[in-house]
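Following: one structure in structure tokens, then a few remarks.
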Amino acid sequence: MKVIAFLGSPRENGNTELLLGEAIRGVEESDLKVRVFRLNKMNILPCQNCGGCEETGCCIYDDDMTQIYEAIRNADRVILASPIFFFNVSAQSKIMIDRCQAFWCEKYLLKKTIPEGQYGRKGLLLLVGGMEKEIGVQCAEATAKAFFRTISVPEHKTLAHIGIDEKGAILKHPSAMQEAYKAGQQLVK
Ligand SMILES: Cc1cc2nc3c(=O)[nH]c(=O)nc-3n(C[C@H](O)[C@H](O)[C@H](O)COP(=O)(O)O)c2cc1C
């Protein structure tokens, strides 16, 4: 089973990374490895809406997204972990998501979905927001749902935490780390 994860936070060892680490630990219980894409460290051009993918389903730009396209196509499980920035996923996450317009064209214009392997395709969404407001989570969830459906991941679980702002504050949450660990375990069961 191939498992990939996108880390959308720029803050090293921040709340999102800590949660993702626990989810990965849960996955690795099953003797699986998780390939992590640290989006903040990658060279990914924002979608130019050039129409270059409309007839082929392939992006015409060759940057770090090329390896992500390949990884998404071959993945059985996809984890997206992002902080809430301005009521949505982070820019790092969103740039990657927008470049999945190539998959959108493949799926909705060319009518080809990414084939499922024997394990099916499932997702996990991890969100952390500093404010005590649900609106950021709601908007991010809508964006993430569009992402998962576009890359032919028909179902995903969401773990979202609000009111977690300081670096490392997630560690003081009574259940978040354990829930992330369990969600990782469940994802590959
Ligand atoms: C640019 C920026 C925008 C933010 N916007 C929001 C927001 O709209 N809603 C919210 O709940 N928190 C917001 N926050 C707070 C972060 O979501 C919060 O600090 C979170 O714990 C960061 O996770 P990290 O440690 O993984 O980076 C924002 C933080 C930054 C830096």
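Remember, it's 1-based here, ligands and their atoms both numbered in the order they're listed. One-based numbering along the sequence shown. The basis for the numbers below is simple: all heavy atoms, side chains too, and nothing from hydrogens, waters or symmetry mates.
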Which value, rounded to the nearest 0.5 Å, describes the distance between Met177 atom CE and Asn15 atom CG?
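Rounded to the nearest 0.5 Å, the CE-CG separation comes to 9.0 Å.
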State the NE2-NZ distance between His156 and Lys145, to the nearest 0.5 angstrom.
7.5 Å
Contact residues of ligand 1 (heavy atom under 4.0 Å), by chain and number:
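Ligand 1 is contacted, at a heavy-atom distance under 4.0 Å, by Ser9, Arg11, Gly14, Asn15, Thr16, Pro83, Ile84, Phe85, Phe86, Phe87, Val128, Gly129, Gly130, Met131, Ile164, Asp165.
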Determine whether Leu19 and His173 make a side-chain contact, defined as any pair of heavy atoms from C-beta on separated by less than 4.5 Å.
no
Can you pull the ring pair (Phe, Tyr, Trp, His ring centres under 6.0 Å) pairs that have at least one residue in residues 53-101, sequence neighbours excluded?
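Passing the test, one end in residues 53-101: Tyr69-Phe103.
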With sequence neighbours left out, what residues match Arg38 under side chain to side chain donor-acceptor pair (under 3.5 Å)?
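With sequence neighbours excluded, Arg38 shows a side chain to side chain donor-acceptor pair (under 3.5 Å) to Glu17, given in chain and number order.
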Apply side chain to side chain donor-acceptor pair (under 3.5 Å) to Asn40 and list each qualifying residue two or more places apart in sequence or on a separate chain.
Gln92
